[in-house]
2 protein chains.
Amino acid sequence: MATTTEHEPRWLDLEQQRHWRDFLDGAVRLTDALGQQLERDSGLSLSEYEVLVRLSEAPTRTLRMSELADELAQSRSRTTHTIRRMEARGFVERRACKDDGRGVNCTMTDAGSARLEAAAPGHVAAVREHLVDVLSEPQLRALGEAMAVVRAALRARR
Amino acid sequence: MATTTEHEPRWLDLEQQRHWRDFLDGAVRLTDALGQQLERDSGLSLSEYEVLVRLSEAPTRTLRMSELADELAQSRSRTTHTIRRMEARGFVERRACKDDGRGVNCTMTDAGSARLEAAAPGHVAAVREHLVDVLSEPQLRALGEAMAVVRAALRARR
DNA sequence: ATCCGGTAGTTGACATTTCTACTATGCTGG
DNA sequence: CCAGCATAGTAGAAATGTCAACTACCGGAT
């Protein structure tokens, strides 16, 4: 007789487990180190920095709140709070959306732009120091490509 | 004449930038998805789960607070808060360290162990679904090995 | 012995994030 | 038109994380 429907968990073998753990631990340490560098040298958290980067790349330094939330892979609520604080500090401005009465556009101010430019060199140096320069070129590519796959898979589902 | 000492930032080329961004975005989405699965199905956050895993692997289900903090790459303060909450829920116990008057040993209880065992299959399935099974075997290895290098570099300093 | 710099851990204030509920607007079918 | 469902964004409370003291203990040098 065949066994009944399999619901046994398929465990990870030792290699897989090690890879997963190295990933998790490395990711925590890396984002931590980069966040600390930014906070210390530029008074920005890593996600505030990311906000400014996205806005700086947008057509008129402007994005809808929901676009921002989607790009940062954050909840709308978190985005609202973050932007409210950044607005209080003068880095961004919000105004109602012309074409969609529900929408809110978020624009980076000159002060925000200046802060980003001031922060960028140190941040990039840290990304080099802790990531780019410790890996060989093929290693970095492999890392990036693997994560792109993971990212795409996660974006697909809801 | 030679230019004065170089302090120009060495920017990332487009490839490097893309890899770094894919990494960051993928890492956020991945840890997010895994955290949500754990919280929803087992009432544990990812870092609480990690605490239980480390304790389950320790000789007598026991680790010093500082060992725990080091292994999880967390501040001592955060570890104290987390463990206090977990102790209140009955998953761990703390008691003074015999040989070092400053130390505190943290031990996983039977309830903690049971909770971990209940949570593990679903968590492992999620790790497979979002990471292990979406990558080829060499891709996963490359990812793991690259992150091991990053991790080692970050552990060295400080 | 005791002074001193360093380590272990905790605490409480504060900041950020999450969760849930809520308002307002848009859109589609009858 | 308007009913009903979905989307955009916000708000406040609760949970979690960070930061800066602070206590207590260790261990070596004087």
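Order of the sequence lines sets the chain letters (A, B, ...), proteins ahead of strands, with each chain counted from 1.
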In whole angstroms, the gap separating P of dT10(D) from CZ of Arg95(A) amounts to 14 Å
When rounded to the nearest 0.5 Å, the distance separating CZ of Phe91(B) from CG of Leu116(B) is 10.5 Å
Rounded to whole Å, CD of Gln74(A) lies from P of dA8(D) at a distance of 17 Å
In Thr31(B), Asp25(B), Asp32(B), the residue satisfying side-chain hydrogen bond (donor to acceptor under 3.5 Å, both in side chains) with Arg29(B) is Asp25(B)
Of dG17(D), dA24(D), dT10(D), the nucleotide closest to the side chain of Thr82(B) is dG17(D)
- Message: Applying a 4.0 Å non-hydrogen cut-off, can you work out what Thr80(B) is touching in the nucleic acid: base, sugar-phosphate, or nothing?
- Response: base
Residue pairs passing the salt bridge (charged side-chain N to carboxylate O under 4.0 Å, His left out) test with at least one member in residues 112-122 of chain B, sequence neighbours excluded, are none
Subject >> Check: Leu135(B) and Gln16(A) side chains under 4.5 Å, non-hydrogen atoms >> reply: no
Separation of dA15(D) atom P from Met86(B) atom CE, nearest Å, is 17 Å
Quiz prompt | Phosphate OP1/OP2 of dG9(D) contacted by Arg102(A) side-chain N/O (<4.0 Å) | solution = no
Between CG of Leu46(A) and P of dG17(D) the distance, given in whole Å, is 17 Å
Should the side chain of His81(B) and the base of dG12(C) be counted as holding a donor-acceptor pair, with the cut-off at 3.5 Å?
yes
Rounded to whole Å, CG of Asp99(A) lies from C1' of dG26(C) at a distance of 12 Å
Heavy-atom nearest nucleotide on DNA chain C taken for Ser75(A) and for Asp100(A); more 5' hit belongs to Ser75(A)
**Q.** Polar side-chain contact Arg78(A)-dT17(C) base: donor and acceptor under 3.5 Å
**A.** no
inquiry  = Does dC22(C) have its OP1 or OP2 closer than 4.0 Å to a side-chain nitrogen or oxygen of Arg76(A)?
reply    = no
note: Lys98(A), atom NZ; dA8(D), atom C1'; distance rounded to Å ~ 17 Å
Classify the nucleic acid contact of Ser77(B) as base, sugar-phosphate or nothing, counting any heavy atom under 4.0 Å across all strands shown. base
From CG of Leu44(B) across to C1' of dA15(D) the rounded distance in Å is 15 Å
_N-O pairing of Arg85(A) and Glu48(A) below 4.0 Å_ = no
Ranking dT16(D), dT10(D), dG9(C) by distance to the side chain of Ser66(B), first place goes to dG9(C)
The residue, Glu39(B) or Gln36(A), whose nearest nucleotide of DNA chain D is more 5′ is Glu39(B)
note: Arg85(B), atom CZ; dA14(D), atom P; distance rounded to Å ~ 16 Å
The residue, Glu67(A) or Gly101(B), whose nearest nucleotide of DNA chain D is more 5′ is Glu67(A)
Just checking Arg64(B): base, sugar-phosphate only, or nothing, at a heavy-atom cut-off of under 4.0 Å? sugar-phosphate
